[in-house]
Amino acid sequence: MGRPIAAKITGVASYLPPRVMTNADLEKIVDTNDEWIRTRTGIRERRIVDKGVATSHLATEAAKRVLAQTNTSAEEIDLIVVATVTPDMMFPATACLVQDRIGATHAWGFDVSAACCGFVYALTVAAQFVGAGSHRKALAIGADVMTSILDYEDRATCVLFGDGAGAALVEPATSPAEGIIDFHHDIDGSGGKYLYMPGGGSLHPSSHETVDKRMHYVHQEGSQVFKYAVRRMAQLACGMLERNGFSNNDLALVVPHQANLRIIRAMQERLGVEDSKVMVNIDRYGNTTGGTIPLGLVDAVEQGRLHKGDLVMLVSVGAGYTSGGILLRWAY
Ligand code: UT7
């Protein structure tokens, strides 16, 4: 049986920094080439922030846009959940910075650290509070400035990521035809060693040594993460359909995490759905970690691929390992 939540998404918006970094730009700074990046990952270009622009700035812009789009005033927001692995600083939480900048004077909030599953976890948390009736208007935000933790001497990671943010407004659902039908999340900490950033935490506080050893950057064993991601994303997607009595034909759109086009296509093949039902924008944005799924939803709305009542699947795997999927009815 599924785990329905009486909450719905009533708006999505994104913010991407305007500066584009193409594969050709990367060729100039690291030993790589456009052909490798395109064929191994599907990425053509990504957005990058200018110096001084942080995760909270992207998150704030996305939040302001979703408020404007839904005619919601900031004072009406009662909860802000920000998913990020690149907060402006260790503390305070990015949610507090966003709350202050947008003027959400009646909100509380906090950050969620779940890497590429950050947005689906943040959305679930926000929806639970709204579904329980204690909150009326919550913001779930996924935002990351991945370029702040990329090692531009490590070609195996620096080509993969980009910067971006997306925000969803979550409000009560009045009928099962417009809410969250099910979610299925799990974590497997045994995979933590394959994707992590070792420096700057309580185990390895920042020091000259941590900087010299390049410990403040993303470290990844790509092939391990790849295999896990393909297997878990397919299991989650198929499992959630099955336990809710749906078939792949019932799906209008799958919005998967955008880490690698080959992971997406492998998941899609196991799920048995055609390209038109799978959101792909990794070619333009790369992997924006917490940002990918809301960016996918925004593009899907803009491309006219989401309609009221559509059955939609969000699915992701990320560092941790974290895994997560949400099955919902699109509400507008
Ligand atoms: O969102 C969080 C979760 N993250 C992911 O899901 C990422 C999962 N992993 C992946 O997407 C892939 O494993 C990568 C894209 C990171 C790597 O692709 P791969 O097919 O697993 O390549 P590989 O690491 O096995 O490397 C193959 C070759 C190596 O050369 P040799 O040893 O065969 O001579 C690498 O040195 O490709 C080389 N290589 C590159 N060549 C040009 C690695 N990175 C690059 C590069 N440009 N940027």
Side-chain angles (χ1 to χ4, degrees), residues 21-46 83-86 112-121 142-147 149-164 166 185-197 217-237 255-268 279-283 285-296 314-325:
M21 182 185 252
T22 64
N23 293 346
D25 295 329
L26 278 164
E27 285 176 4
K28 293 178 199 133
I29 52 179
V30 67
D31 179 18
T32 190
N33 58 80
D34 174 57
E35 210 251 332
W36 190 95
I37 303 173
R38 271 190 297 103
T39 54
R40 306 307 290 170
T41 73
I43 302 167
R44 290 173 183 275
E45 59 185 46
R46 69 288 290 144
T84 186
V85 290
T86 52
V112 163
S113 174
C116 300
C117 284
F119 180 78
V120 288
Y121 287 14
D144 273 297
V145 173
M146 292 304 290
T147 55
I149 56 168
L150 288 183
D151 183 351
Y152 282 99
E153 291 184 12
D154 176 11
R155 67 178 183 176
T157 54
C158 73
V159 302
L160 304 174
F161 296 92
D163 304 329
H185 307 332
D186 57 48
I187 60 175
D188 176 0
S190 70
K193 55 185 174 290
Y194 299 123
L195 181 51
Y196 64 108
M197 188 182 86
Y217 296 126
V218 173
H219 292 251
Q220 175 170 242
E221 256 186 65
S223 61
Q224 292 287 344
V225 182
F226 188 97
K227 283 182 268 183
Y228 187 84
V230 168
R231 194 174 75 243
R232 279 306 288 141
M233 280 178 54
Q235 282 169 348
L236 278 171
V255 183
H257 172 53
Q258 312 278 310
N260 188 316
L261 184 59
R262 291 184 294 137
I263 296 176
I264 296 170
R265 294 298 182 219
M267 180 271 299
Q268 173 184 345
M279 193 61 217
V280 171
N281 57 15
I282 190 171
D283 51 321
Y285 310 138
N287 181 351
T288 54
T289 304
T292 60
I293 290 190
L295 291 178
L314 315 180
V315 62
S316 187
V317 164
Y321 293 123
T322 53
S323 304

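Both backbone and side-chain heavy atoms feed into the values below; hydrogens, waters and symmetry mates do not. Counting starts at 1 for both ligands and their atoms, in listed order.
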**Q.** Smallest separation among heavy atoms of G142 and F119, with atom names
**A.** N-CD1, 3.7 Å
**Q.** Atom indices of ligand 1, in the order listed, that fall short of 4.0 Å to a heavy atom of L195
**A.** 2 (C), 3 (C)
Q: Using a strict cut-off of 4.0 Å, indicate which atoms of ligand 1 neighbour a heavy atom of T41.
A: 15 (C)
Q) Quick one: does Y194's side chain have a donor or acceptor within less than 3.5 Å of a partner on G320's backbone? A) no
Q. To which of F226, Y228, W36 does the heavy atom nearest atom 43 (C) of ligand 1 belong?
A. W36
Q: Please identify which atoms of ligand 1 are closer than 4.0 Å to at least one heavy atom of N260.
A: 10 (C), 11 (O), 12 (C), 15 (C)
(Q) Main chain of G291, side chain of D144: is a donor-acceptor contact present, judged purely on distance under 3.5 Å? (A) no
Q) Is any heavy atom of the protein nearer than 4.0 Å to atom 31 (P) of ligand 1? A) no
Q.
Can you name the atoms of ligand 1, numbered from 1 with element, that are less than 4.0 Å from a heavy atom of V159?
A. 48 (N)
Q: Kindly identify the option in C158, S223, A115 whose heavy atom sits closest to atom 21 (O) of ligand 1.
A: S223
Q) Can you list the atoms of ligand 1 that are under 4.0 Å from a heavy atom of A259? A) 1 (O), 5 (C), 6 (O)
(Q) Any non-hydrogen side-chain atom of E27 less than 4.5 Å from a side-chain atom of I37? (A) no
**Q.** Heavy atom of protein closer than 4.0 angstrom to atom 13 (O) of ligand 1
**A.** yes
Q | Full working for side chain to side chain contact (heavy atoms under 4.5 Å, CB included) between I29 and M21 | A | CA-CA 11 Å; I29 52 179; M21 182 185 252; 4.0 Å; yes
Q. Are any of the N or O atoms of H257 closer than 3.5 Å to those of ligand 1?
A. yes
Q: Look only at the side chain of Q258 and the backbone of T288, and say whether a donor-acceptor pair between them is shorter than 3.5 Å.
A: no
Q) Using a heavy-atom cut-off of under 4.0 Å, does the side chain or the backbone of T157 touch ligand 1, or both, or neither? A) neither
Q) How close does the nearest protein non-hydrogen atom get to atom 7 (C) of ligand 1, and which residue and atom is it? A) Q220 OE1, 3.4 Å
Q) Identify the closest protein heavy atom to atom 46 (C) of ligand 1: which residue and atom is it, and at what distance? A) T32 OG1, 3.2 Å
Q) Looking at atom 24 (O) of ligand 1, is any protein heavy atom nearer than 4.0 Å to it? A) no
(Q) Is the shortest side-chain heavy-atom distance between C117 and H185 below 4.5 Å? (A) no
(Q) Students should be able to answer this: which protein heavy-atom is nearest to atom 18 (O) of ligand 1, and at what distance? (A) R262 NH2, 3.5 Å
Q. Can an N or O of G222 be found at a distance shorter than 3.5 Å from an N or O of ligand 1?
A. yes
Q.
Could you walk me through whether N23 and R46 satisfy the side-chain hydrogen bond (donor to acceptor under 3.5 Å, both in side chains) test, starting with their C-alpha distance in whole Å, then the side-chain angles of each, then the deciding distance to 0.1 Å, before giving a yes or no?
A. CA-CA 8 Å; N23 293 346; R46 69 288 290 144; 2.9 Å; yes
(Q) Using only atom types and a distance under 3.5 Å, with no angle test, would you say the side chain of S316 pairs donor to acceptor with the backbone of C116? (A) yes
Q.
I need the nearest protein heavy-atom contact for atom 3 (C) of ligand 1: residue, atom name and distance, please.
A. V225 CG1, 3.5 Å
Q | Atom indices of ligand 1 within 4.0 angstrom of C116 heavy atoms, with elements | A | 1 (O), 2 (C)
Q: Could you please spell out the steps behind the side chain to side chain contact (heavy atoms under 4.5 Å, CB included) verdict for V280 and R265?
A: CA-CA 10 Å; V280 171; R265 294 298 182 219; 4.0 Å; yes
Q) Under a 4.0 Å heavy-atom limit, does V30 contact ligand 1 with its side chain, its backbone, both, or neither? A) neither
Q) So, for atom 41 (N) of ligand 1, does the protein have a heavy atom nearer than 4.0 Å? A) yes
Q: Compute the minimum heavy-atom distance from I263 to ligand 1 and say whether it is under 4.0 Å.
A: yes
**Q.** Any protein heavy atom nearer than 4.0 Å to atom 38 (C) of ligand 1
**A.** yes
Q) Should we count CG of L261 as having more than 12 external heavy atoms under 6.0 Å? A) yes
Q. Is the side chain of D151 donor-acceptor paired with the backbone N or O of T157 at a distance under 3.5 Å, no angle test?
A. no
Q. Which protein heavy atom lies closest to atom 20 (O) of ligand 1, and at what distance to 0.1 Å?
A. R40 NH2, 2.6 Å
Q) Are the side chains of N287 and M146 in touch, meaning some heavy atoms are under 4.5 Å apart? A) no
Q. Could you go step by step and tell me if N260 and F226 meet the side chain to side chain contact (heavy atoms under 4.5 Å, CB included) rule?
A. CA-CA 8 Å; N260 188 316; F226 188 97; 3.8 Å; yes
Q) Closest non-hydrogen protein atom to atom 16 (C) of ligand 1, residue and atom name please, with distance? A) L160 CD1, 3.8 Å
Q.
Can you name the atoms of ligand 1, numbered from 1 with element, that are less than 4.0 Å from a heavy atom of N287?
A. 1 (O), 2 (C)
Q. Does any N or O in the side chain of R155 come within less than 3.5 Å of the main-chain N or O of D31, such that one atom is a donor and the other an acceptor?
A. yes
Q: Give the residue and atom name of whichever protein heavy atom lies nearest to atom 29 (C) of ligand 1, and the separation in Å to one decimal.
A: R155 NH2, 4.7 Å
Q: Establish whether atom 34 (O) of ligand 1 and some protein heavy atom are separated by less than 4.0 angstrom.
A: no
Q. Is atom CZ of R231 surrounded by more than 12 heavy atoms (other residues, nucleotides or ligands) closer than 6.0 Å?
A. yes
Q. Does ligand 1 have any atom sitting under 4.0 Å from a heavy atom of A156?
A. yes
